[in-house]
Amino acid sequence: MYKHGISITETYSPQGIESKLYNFWEEKSFFKPDPDPQKPPYCIVIPPPNVTGSLHMGHALNATLQDILIRWKRMLGYSALWIPGTDHAGIATQNVVERQIMAEGHNRYQLGRSNFLQRVWQWKESCGGKIIEQLKRIGASCDWSRLRFTMDEGLSRAVKEVFLKLFEEGLIYRDLKLINWCPRCHTALSDLEVEHEETEGKLYYIKYPLKEDSTQFITVATTRPETMLGDTAVAVNPEDKRYKNMIGKILILPLINREIPVIADSAVDMEFGTGAVKVTPSHDFNDAEIAQRHNLPNVCVIDEEGKMTDEAGKYRGMDRYEARKRIIADLEELGLLEKTEKHKHAVGHCYRCKTVIEPFQTVQWYVKIKPLAEEAVKVVQEGRIRFIPEGWVNNYYAWMRDIKDWCISRQLWWGHRIPVWYCAKCKTEKGIEQGDLIEILFYKPITLNGKEIWGGTYNELRKIGITKEEIEQRAKIIKIPKEIFHFASYYEPTSCPKCGNEEIIQDPDVLDTWFSSALWPFSTLGWPEETEDLKRFYPTNVLVTGFDIIFFWVARMIMMGMKFMKEVPFRDVYIHALVRDAKGQKMSKSKGNVIDPLVMIEKYGADAFRFTLAAFAAQGRDIKFSEDRVEGYRHFANKIWNAMKFMMNFYNLRTKGEVTLEELNLFTNKWILSKLSDTIEETNKALESYRFNDAAGAIYQFLWHEFCDWYIELSKVILYSESEDKEETVNCLFYVFENTIKLLHPFMPYITEEIWLNILKKEHSLMISSYPTKDLISRDEEALEKMEYIMQAISGVRSIRGELNISPSLNLEVFIKPLSINAEKVLSEGYTFILKLAKAKTLKISKDIVRQKGSAVSVKRDFEIYIPVKEMIDIQQEKKRLLKELQRAETEIKFLNKKLMNEDFIKNAPKEVVERDKEKYEELLIKSDKIKENLKVLEELKD
RNA sequence: GGGCGGAUAGCUCAGAUGGGAGAGCGCAGCCCUUACAAGGCUGAGGUCACAGGUUCGAAACCUGUUCCGCCCA
């Protein structure tokens, strides 16, 4: 129990305090932006985590930095809004629910599309968004009343709106191309969703016999022999002398005995393999390009499941890897396998399930990206969007330069359904009824008149009496050729706008999740409605995110923002680091090196954890996270707590809330105010330039090493006496502490609020109080200089004590001889402080002091300290100490001397630098003389 | 193959626009001094990866080398 009637726990314990305060803030609606129109807006949209996700270190860092910014700006008087939300994560979420269903012994097809979607929503309501609760644990001050989800009604509207607009403008189109296909997820992927991984594979050399003379061969090298069944040519470089006479000749494709030509294409690398490459247009991107140039046919030998097709002859139905083995064995038997070599190459994997990607030819939806990209590059070049750190713009430009059209359709059920319909009754240019071209495959047959129906064309199925609904419910695959007439519609249409027929079916695909994420900065603010929020908060101020989604997300948001808002989505893009483990390895479940942020919070408190992340968040470098650091910053929290405990002993003596430099008498008080002023400026400056570590460091340094180590200790001298400065010291102590707590609040919101509200009993919450800015206090140069003397005197005594191993319990007689009038005046003014903090028994300050024999000495700029230690210590040890100091001084003298003798230096260096060095040089000369003198005295002592 | 980033104390890292290096942890010594041992005080520890160059002056700027990491093809 303390004097003012509050009991304070011995050490700071975050458990219990945090949730209480968080609930308090939320109940008071402090997370909502201030509606006052006078206040300037400040807005951040959270990078929406996956709804399936749980909080990992990356999220924690990301959220901490955003929260620091938001709390800082809110306290600076902005109407601050941080919009939270999650994205629907098409593949990931669908996978989660499919696994659940599989555990029940079913698959999604058995449920049917609409039932399956119901299950996904159910799952989302009960388990999804766990991460939102976790964000609250780290103290995120998001406006939860504005929580959004990419599949919610408003955002779905935005998605449709955007799709239709782009479709109408011809920026969205449907095309038959080779795409990246995941045989496990059964969907197309965009280029970005493929991860290339260096893999140790093999290079197979296969002999293709010549038609005209089967004893002659061309040997091709390939890493994927199973695709040879789909070869439609062999290509060589036209410059390649080895093959000059082969060009135009016909080869017999082994195993399948198809005739294929030898063609010349300059894209062929003569150095690779034998210089002759097989061309498989259906299963390789490079080959597809060659095929286009030479008008080669496509032969598709691998299907959407990764199994061999009918075209694969006797390998039909085999898995692609099984087929590879068999083909190699068969070739070997035929004597057509020349050799195999080890070979390293990059293999594409699905970023969600890590399955090896199969290039696959299908009809997909694309966004024509060039026109959008041009605008997005321009706004960055013009500086309307800044990247911080700057270096990332190069990556951004590079990617934008070689950008390819964006494949946006996914063969999933969970996501925004593409708002396009196809008419079965309209006729193609060739006069064929479209329904005859739409092929349906059921997951489970329909039995009709004792016959199992597995599918067929749309028209066939309708003719035998299967309803439209049945077809859509039961379809596993709906193949709709490219040329079929289609129309987009915002509302669900009932008939074809061209022929009026009701036989229309919707495109079965959904949109890439990133399509909806790209709209996030304006869709979350209410677009396409012209809401108040949109008017007030768009463009947002900053996007805080990791570099890994610059392309996936940041670039696309800029494109969409420019396209639909005619304005950038954010001013700044702050790219933060990746959080790695202590050894610098990426954290991953399989490596087992994952650190759970919630465990850290549980163990050390959210404040210590947040502070660690901020202190680590130096620009341009990854974070190697170590638990030791968190522990260190928990100590910091505890330090604050204890300082507060000390102060609360004097709480009742406080007479005013604010103090100014002018009204203060005592230089220590003026000093700490000046130091606070510096810290305030440094912190704000650092935050303005997103230097979170500098801001955290400035506060830490001030609070611990200036406020606690020096100021509190100095204050005790006054507070435990009957000094007339006691009142102003108490007032100053609290004033400085309160402002420091304010500075710290964005970093450590809980402990600061707890002290503010529940210990200091402030009327209003700290999180809505005002952030200190540099005009709050100025600095007093004189006080700073005075403290310099006092600190030197105290440290001088302590050094002697420490280095000579004199027990702190031994009170010493200290003599200080000032060598200037100023030194005498200042040191005398600080007499009591020196006496107490140096733990002196007696202290004499006088220019008339004569050094006693057997004194330890410390030489300062313009005073000397003598401590008689004859009885206490070993003379040799003191001599050693002085020699060390002398040596240090002399090396520096030598260095400075050389510098000052250099005419070029005097001539070229700035005046201040030369002046400073001269001064330093002279001081050191005096110092070394003094030390030498004192060494002589020690010699005398020996006698 | 193209591009980017890193190498500073035993460990993890800071070191805007060049003026001879800092922190935290760890380590050593002395201390339970009435806010705090989750603490105090005092120390030890660094040819700033290597080699050249620019400059009066380089950890910083330029060139090359080695090692490590990332992105793209």
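Here is how names work: the chains are called A, B, and so on, in the same order as the sequence lines, proteins then strands, and each is numbered from 1.
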What protein N or O atoms touch nucleotides 55-63 of chain B N or O atoms at under 3.5 angstrom, if any, and at what distances?
{"from": "B/C56", "atom 1": "O2'", "to": "A/N902", "atom 2": "ND2", "distance (Å)": "2.7"}

Practice problem: Return no unless some side-chain N or O of A/R691 is found under 4.0 Å from OP1 or OP2 of B/G15. | Solution: yes

Exercise. Mind checking A/R916 for me? I need base, sugar-phosphate or nothing, with any heavy atom below 4.0 Å counting as a touch.
Key: sugar-phosphate

Practice problem: Using the P atom on both, measure B/A38 against B/C50 and round to a whole Å. | Solution: 40 Å

Quiz item: Which dot-bracket notation, 5' to 3', represents the base pairing of RNA chain B when pairs are defined as Watson-Crick or G-U with both distances under 3.5 Å, crossing pairs as [ ], and inter-strand pairs as |?
Solution: (((((((..((((.....[..)))).(((((.......))))).....(((((..]....)))))))))))).

Quiz prompt | A/F636 and A/Y633 aromatic ring geometry - parallel, tilted or perpendicular at 30°/60° bounds | solution = perpendicular

Practice problem: Answer with base, sugar-phosphate or nothing: what part of the nucleic acid does A/K907 contact at a heavy-atom distance below 4.0 Å? | Solution: nothing

Quiz item: Which part of the nucleic acid, if any, lies within contact of A/F636, taking any heavy atom under 4.0 Å across all strands shown: a base, the sugar-phosphate backbone alone, or nothing?
Solution: nothing

Self-check item: B/G64 and B/G22, which share atom name P, separated by this distance in whole Å
Solution: 32 Å

Self-check item: No-H, no-angle donor-acceptor pair, A/K716 side chain to B/A35 base, under 3.5 Å
Solution: yes

Quiz item: If you measure only the distance, is there a donor-acceptor pair under 3.5 Å linking the side chains of A/E195 and A/Y351?
Solution: no

Practice problem: Classify the nucleic acid contact of A/D709 as base, sugar-phosphate or nothing, counting any heavy atom under 4.0 Å across all strands shown. | Solution: sugar-phosphate

Exercise. Using the P atom on both, measure B/G53 against B/A59 and round to a whole Å.
Key: 15 Å

Exercise. Identify, residue by residue, the members of residues 733-741 of chain A with a heavy atom below 4.0 Å from RNA chain B, and return them in order of residue number, or none.
Key: none

Quiz item: Is the backbone of A/E239 close enough, under 3.5 Å, to the side chain of A/N237 for a donor and an acceptor to pair up by distance?
Solution: yes

Quiz item: With sugar-phosphate meaning primed atoms plus P, OP1 and OP2, does A/E713 contact a base, only sugar-phosphate, or nothing at under 4.0 Å between heavy atoms?
Solution: base

Quiz prompt | Euclidean distance for C1', B/A28 against B/U47 (whole angstrom) | solution = 25 Å

Practice problem: Classify the nucleic acid contact of A/T11 as base, sugar-phosphate or nothing, counting any heavy atom under 4.0 Å across all strands shown. | Solution: base

Practice problem: For B/A60 and B/G24, measure between their P atoms and round to the nearest Å. | Solution: 26 Å

Quiz item: Base, sugar-phosphate, or nothing: which does A/A643 touch, judged by heavy atoms less than 4.0 Å apart?
Solution: base

